[in-house]
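Residue numbering restarts at 1 for every chain, and letters A, B, ... go by the order of the sequence lines. No hydrogens, no waters, no symmetry mates; every other heavy atom, side chains included, goes into these values.
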Amino acid sequence: MARKRTTITMEVTRFRPGEDSEPTLQSYEVPLRKEWAVLDGLNHIKDHLDGTLSYRWSCRMGICGSCGMTVNGKPQLSCATFLVDYAPGPVRVEPLRNFPVIRDLVVDISDFMTKLPKVKPWLIHEGETPEGEFLQTPQEMDEYKKYSMCINCMLCYSACPVYALEPEFLGPAAIALGQRYNLDSRDDGDRRDVLASAEGVWACTFVGECSTACPKGVDPAGAIQRYKLTAAVAALKDFLLPRGARR
Amino acid sequence: MTAFHNIVVVGGGGAGLRAAVAIAEANPLLSVAIVSKVYPMRSHTVSAEGGAAAVIAEGDTIDEHAYDTVSGGDWLTDQDAVEAFVEEAPKELLRLEHQGCPWSRRPDGHIAVRAFGGMKKKRTWFAADKTGFHLLHTLFQTSLSCSDIVRYDEWFVTKLLSDEGRVHGVVAIEMATGRIETIIANAVIVCTGGCGRVFPFTTNANIKTGDGMALAYRAGAPLKDMEFVQYHPTGLPFTGILITEATRAEGGWLLNKDGYRYLQDYDLGKPTPEPVMRSMELGPRDRLSQAFMHEHAKGRTIDTPYGPVVHLDLRHLGAQVIDTKLPFVRELCSKYERIDPVKELIPVRPVVHYMMGGVHTDINGATPVEGLYAAGEVACVSINGANRLGSNSLPELLVFGARAGQAAAEYVRTLQKGSTSAAYAQGRDEERRLTKELRKHDAGTERIADIRTEMQTTMEDGAGIYRDGDSLDKAFVKLHELRERFDRAAVDDHSTTFNTELVALLELDFMLDIAQSIVACAIKRTESRGAHQRTDFPKRDDEKFLAHSLVHRPNKVEYLPVTITRWPPGERVYGR
């Protein structure tokens, strides 16, 4: 009987723009342990084999959103993706797609950081703020709850074929976060100017890759489809109704 | 390169964001910057699970919250600070509600509260079991509406500029480019969180390396009560991932290898099917982690490749309660242990979670260094004393983040114009030091990870849940040796672009200072109180030690009396 494999090969992208002409894959042999996430493999490389490898990570419990990478072709949180699931290997670790690479596995997410404020991801309330809390039933919360679960990990942008072709597209996470506030019973905001613009929901061709990639069940594709309906109805009302009756 | 802001906030987690917004509200004309080594929404506040305590429920009073906090902290809390804290906590949580935080609700739409360890009443607000995540994202997203706040995302602060006891700004490295910049400021607020990574097994994220504590310490601010390190009783083995206390608040049990609810043997009350406040599994964290150690000594824990464990039993709660109140726990168990807590027992063991100690501040977040403030876990006000109660840290970072922001804004308003030429010169010195430091480590022979691992093991062995004079002395000597070896640490990465090896080196530099300060304080405190348990001095000694440790660089310890207002020191009573 063949001996059980105790190591696995990780093929990791190495690239320093400006210094290297193109990305290359470097192979490392790391222990294959049942508890080890892909991130544990990278940490083993960094600590013991090669200190020059660069990547982001922090909470290692799937909530801070730092460690998104492309693992064997799919966008994943490297802290929540396990080496044994890729045995016998090799497992290929590349930077998230659709973003400029800063170095190795570190991508530049400043485009998202610029787009996020555009959807006004904060509560807009007209009228007086109550002394106590706004009342909101559990059913009312269920309306927006899943859209509030976004950890900004960028896996959906990496998976989105529209974002790949049209960098102006607001993108799945930003739109879902706009919808998160639109659907909150405490919110009276109007985000139509952004969400219903050419860069907003209408750019989406409903491929649904974003919802498949999302590690937190946010379903950005659903948020986008739902907002398309909202925007269409609002546009129709604009057309048909006098000003005062539009809300 | 140099930049100027009236106030620089170091750290963009809960405390830092709250402070920045407080400044913008206090005086919109002030220029405020947040400098953080990660994007704000990556900050470790995101990992807090169980909830945030503040009196809102009928039948609860702020005096009861104050008493629970004071007794929970084994009377090392400053009671004036606790009184301000319990008074302001409900306003801060309501403010977040008005900003959209999805607090869990009762069927009638009002805020729901849950039980928590060491609390006599149900007063912990929660957003399922992702409270920190929702709190942080609400604060961050709301801060985006405040376009006056300038952010330096992924900038690593290496030094506070200070001259004649007054702070003048920071020096920071832009990680993406390696650019070193001097940022001049009239005031600096340090909000960098804790230092769990000084220990080998911790719930803390990789970024929790005590940067702000070390920065302030080096700038002349004393650290306070550093010997008080909180072990949370329920972490997953291997990863150290936190399983929230809310599991026990909802009715979970801790079982030893015989399936016995062992806490009944440790003066924590009698087992009942339903949870009882301040009793058994709802006792305080220090006492529960200590009980685990005794259970282990009696051979009643379960051995695993990643150390001894006990079991957390949620099976009797049923899928519905777990899915509505504890969905993240189910997700974490499934991902990282490949078990389902609806049907299976969760293996858990005590894990380093929180620093009660930190930068010495007054009730407004001011440190003894003029113009330097601190808030959140990095600071020690102290409302946590010798043991923090679960769900007090989130309201703490809001209350004292806001106070520090307001105090800094007021300080800047009344500030006499001073010369900053010394600060510029210091900035240039620091740039030279960093360049030289990197070159020095080119020829290093020691791996950063090896020194770090040895430091962590040293801390666990010498300054863990139980310590004594011997173990602490050994740790102190070993840390001294590691500090020498640090000079020979190797940096193989010579790139200026996103050099995470350089960051790891600078973090280790900070952590070694912090580790020493923890051990130095623990050596001097020859009593047992809260989370500081000396087997050679097992009793609390109010005569000598009803006082905060203040450690000045390098490792000089003195004492400051505790402020008592209404609750004279008494016995901590749980479960009876």
**Request:** Find the one option among Lys91(B), His134(B), His44(B) whose heavy-atom pairs under 4.5 Å with chain A are most numerous.
**Result:** His134(B)
**Under 4.5 Å from a heavy atom of chain B, the part of Met149(A) involved** = both
**Item:** Structural part of Asp40(A) lying under 4.5 Å from a heavy atom of chain B
**Value:** side chain
**Between His353(B) and Thr203(B), a side-chain donor and acceptor under 3.5 Å** = yes
**Asked** Under a 4.5 Å heavy-atom cut-off, does chain B meet the side chain of Glu131(A), its backbone, both or neither?
**Response** backbone
**Item:** Salt-bridge criterion met for Arg447(B) and Glu454(B) (N-O under 4.0 Å)
**Value:** no
**Message:** Any side-chain to backbone donor/acceptor pair from Glu97(B) onto Phe134(A)? Under 3.5 Å, distance only.
**Reply:** yes
**Any side-chain donor near an acceptor of the partner, Ser185(A) and Gln136(A), under 3.5 Å** = yes
**Asked** Is it true that the side chains of Asp104(A) and Tyr55(A) contain a donor and an acceptor less than 3.5 Å apart?
**Response** no
**Asked** Checking Lys118(A) against chain B: side chain, backbone, both or neither under 4.5 Å from a heavy atom?
**Response** neither
**Message:** Is it the case that the side chains of Gln139(A) and Asp142(A) hold a donor-acceptor pair, with the cut-off being a distance below 3.5 Å and no angle test?
**Reply:** no
**Request:** Go through Ala504(B), Ser143(B), Ala449(B) and name the one with the most non-hydrogen pairs under 4.5 angstrom from chain A.
**Result:** Ala449(B)
**Complete:** Highest number of heavy-atom pairs under 4.5 Å with chain A among Ile56(B), Asp493(B), Leu94(B), Ile207(B) belongs to Asp493(B)
**Prompt:** Relative to chain B, which segment of Asp184(A) carries a heavy atom at a distance below 4.5 Å: side chain, backbone, both, or neither?
**Reply:** side chain
**Complete:** Of the listed Glu19(A), Lys120(A), His125(A), His48(A), the one with the largest count of heavy-atom pairs under 4.5 Å with chain B is His48(A)
**Item:** Residue Ile124(A) versus chain B: region with a heavy atom under 4.5 Å
**Value:** neither
**chain B contact via Lys145(A) - which portion, at a heavy-atom distance below 4.5 Å** = neither
**Asked** When heavy-atom pairs shorter than 4.5 Å are enumerated against chain A, which of Thr497(B), Thr142(B), Asp492(B) gives the highest number?
**Response** Thr497(B)
**Asked** For Tyr336(B) and Glu331(B), does a side-chain donor sit closer than 3.5 Å to a side-chain acceptor?
**Response** no
**Request:** Indicate whether any N or O donor in one side chain lies under 3.5 Å from an N or O acceptor in the other, for Thr52(A) and Arg14(A).
**Result:** yes
**Complete:** Honestly, the part of Pro130(A) sitting under 4.5 Å from a heavy atom of chain B is both
**Request:** Under 4.5 Å heavy-atom distance to chain B, tell me which part of Cys150(A) shows up: side chain, backbone, both or neither.
**Result:** backbone
**Prompt:** Between Thr500(B) and Lys46(A), is any side-chain donor less than 3.5 angstrom from a side-chain acceptor?
**Reply:** yes
**Message:** Let's test your reading of the structure: which of Pro117(A), Ser66(A), Cys59(A) forms the most heavy-atom pairs below 4.5 Å with chain B?
**Reply:** Ser66(A)
**Whether Arg60(A) side chain and Ser78(A) backbone form a donor-acceptor pair below 3.5 Å** = no
**Item:** Heavy-atom proximity to chain B below 4.5 Å, by part of Ser58(A)
**Value:** both
**Prompt:** For residues Asp108(A) and Ser110(A), is any side-chain donor paired with an opposing acceptor at under 3.5 Å?
**Reply:** yes
**Request:** Counting only heavy atoms closer than 4.5 Å, note whether Met141(A) contacts chain B via side chain, backbone, both or neither.
**Result:** side chain
